[in-house]
Amino acid sequence: MNHYYPFINTPLPYSYDALEPFIDEKTMHLHHDRHLQTYIDNLNRFLEENPALQMYSLEEMLILWRRLPCHLQAPLRNNAGGVYNHRFYFNGMKSKDKGFGTTASPLFEAMTCQFGSPENFKKQFKAAALSVFGSGYAWLVSDGGRLRIVTSSNQNTPVLHFRTLILNIDVWEHAYYLKHYNMRAAYIDDWFRVVNWSKAGERFSRRWRKENSPLL
């Protein structure tokens with residue numbers, strides 16, 4: 001994946017209609033080809049005007065933006081976050097996922113330990129996604145080895161340097177209004193049908209291996 005300037009809109013890891021009937025093809029075209037492309041164009045334009053920042057990766061920019069002069073912070077945070085958050089969201093879905101996967105996976109075990117059961121996790125995650133006022137995201141993160149559900153507004157991204165991001169749901173209206181109108185709860189239920197739990201498990205396992213390595 002393209003992580004450095006100039007950024008390009010990398011293809012979806014599945015066809016536009018792959019998430020039907022839960023997320024419709026027209027929404028995927030609009031969301032990926034229009035909304036994400038706008039963030040990519042704005043980020044490239046911003047970096048063209050600020051060439052000293054072109055050496056940093058997308059993830060590095062989302063860590064260092066707080067050190068920049070005030071007038072540069074918001075455009076970098078918003079546009080780099082818009083690219084990162086959308087890519088993370090699109091890459092966290094797949095067609096016809098078979099559920100939570102093996103109960104022996106580290107993610108499943110941590111989810112059961114933290115939330116009581118995967119179903120309890122789903123209830124709490126849905127409540128968090130519904131609680132986002134206006135536009136933003138709900139995330140499952142590993143925070144020092146502990147699973148947590150957090151939310152972010154607009155295109156803010158959870159702090160990356162001490163958290164591992166496991167999965168996210170985009171609750172901006174452009175993610176669901178063509179099919180679900182203003183019914184965010186129905187969209188969240190459908191999104192759970194296309195979560196790529198294998199990908200989420202891989203993201204968590206990378207963190208789990210680091211935290212349980214005898215070399216640490």
Distance check, rounded to the nearest 0.5 Å: T151 atom OG1 versus I169 atom CD1? 12.5 Å
Using 30° and 60° as the class limits, which term best fits the ring planes of F192 and F121: parallel, tilted or perpendicular? perpendicular
Looking at every heavy atom in both M111 and L140, which two are closest together, and how far apart are they? CE-CD2, 4.3 Å
Compare every heavy atom of T10 with every heavy atom of H32, then report the nearest pair and how far apart it is. NE2-O, 2.9 Å
Applying side chain to side chain donor-acceptor pair (under 3.5 Å), run through N120 and Q124 and close with a yes or a no. CA-CA 6 Å; N120 283 342; Q124 294 181 42; 5.9 Å; no
Aromatic contact between F125 and W191, with the criterion being ring centroids under 6.0 Å apart: yes or no? yes
Straight-line distance of I8 CD1 to N44 CG, nearest 0.5 Å: 10.0 Å
For A128, does its backbone N or O pair with a side-chain atom of S131 as donor and acceptor, under 3.5 Å? yes
Mind listing the closest non-hydrogen atom pair of R203 and I166 along with its distance? NH1-O, 3.0 Å
With sequence neighbours left out, the residues meeting ring pair (Phe, Tyr, Trp, His ring centres under 6.0 Å) with F7 are none
If the plane angle is over 60° it's perpendicular, under 30° parallel, otherwise tilted; pick one for H31 and H35. perpendicular
Specify the closest pair of heavy atoms between H86 and L36, including all atoms of both residues, with the distance to one decimal. CB-CD1, 3.7 Å
Verdict with reasoning, N182 to Y176, per side-chain contact (heavy atoms from CB on, under 4.5 Å): CA-CA 8 Å; N182 63 331; Y176 61 90; 5.7 Å; no
Can you check side chain to side chain donor-acceptor pair (under 3.5 Å) on N85 and T157, steps first, answer last? CA-CA 7 Å; N85 298 347; T157 306; 2.8 Å; yes
Looking only at atom types and distance, does a side-chain atom of N196 sit under 3.5 Å from a main-chain N or O of K199, one as donor and one as acceptor? yes
Strictly below 4.0 Å, N to O, side chains only: are D24 and K179 in salt-bridge contact? no
Grouping I, L, V, M, F, W and Y whenever their side-chain heavy atoms are under 4.5 Å apart, do M55 and L76 come out in a common cluster? yes
Find out if a path of hydrophobic residues (ILVMFWY) with successive side-chain heavy-atom gaps under 4.5 Å connects M183 to V132. no
N/O donor-acceptor pair under 3.5 Å between Q73 side chain and R66 backbone: yes
Are any non-hydrogen side-chain atoms of L58 and L43 less than 4.5 angstrom apart? yes
In the hydrophobic cluster built from side-chain contacts under 4.5 Å, what are the other members alongside F133? none
same_hphob_cluster(L167, V150) at 4.5 Å side-chain heavy-atom cutoff: yes
Flag side-chain contact, heavy atom, 4.5 Å: M93 against V195: no
Got a second to check how far I23's CD1 is from D170's CG, nearest 0.5 Å? 9.5 Å
Distance, nearest 0.5 Å, that separates OH of Y16 from CD of E25: 9.5 Å
Establish whether L47 and L68 are linked, either directly or via other cluster members, by ILVMFWY side-chain heavy-atom contacts under 4.5 Å. yes
Rounding to 0.5 Å, atoms OG (S15) and CE (M28) come to a distance of 9.0 Å
Do the side chains of D41 and Q37 get nearer than 4.5 Å, heavy atoms only? yes
Donor-acceptor pair, distance only, cut-off 3.5 Å: does the side chain of Y187 make one with the backbone of Y181? no
Centroid separation under 6.0 Å, is that true for the rings of W139 and F88? yes
Report the distance from atom NE2 of H180 to atom CG of D189, rounding to the nearest 0.5 Å. 8.5 Å
Would you name the heavy atoms of Y14 and A18 that are closest together and state the gap between them? CB-CB, 3.8 Å
Establish, for the pair R184 and Y177, whether the NZ or CZ atom is under 6.0 angstrom from the six-membered ring centre and no further than 45 degrees off its axis. no
Treat each ILVMFWY residue as a node, draw an edge where side-chain heavy atoms are under 4.5 Å apart, and state whether Y4 and F46 are in one component. no
Any side-chain donor paired with an acceptor under 3.5 Å for Y137 and Q155? yes
With side-chain contact (heavy atoms from CB on, under 4.5 Å) as the test, would you mind laying out the steps for L130 and I188 before giving the verdict? CA-CA 8 Å; L130 288 171; I188 296 168; 3.8 Å; yes
L165 and L160, any side-chain heavy atoms less than 4.5 Å apart: yes
Taking every non-hydrogen atom, the tightest pair across N42 and N79: CB-OD1, 3.2 Å
Any donor-acceptor pair under 3.5 Å linking the side chain of S152 with the backbone of N156? yes
After noting the C-alpha distance and the side-chain angles of R148 and R163, does the key distance pass the side-chain contact (heavy atoms from CB on, under 4.5 Å) rule? CA-CA 10 Å; R148 292 184 58 201; R163 283 176 173 164; 2.9 Å; yes
Side-chain (E60) to main-chain (S57) donor-acceptor, under 3.5 angstrom: yes
Would a 4.5 Å heavy-atom cut-off, applied to side chains only, mark L62 and Y84 as touching? yes
The test is side-chain contact (heavy atoms from CB on, under 4.5 Å); show your working for V141 and T164 and say whether it passes. CA-CA 6 Å; V141 305; T164 298; over 6 Å; no
So do Y56 and L64 actually touch side chain to side chain, heavy atoms under 4.5 Å? yes
Is the shortest heavy-atom distance from the side chain of P118 to the side chain of T112 under 4.5 Å? yes
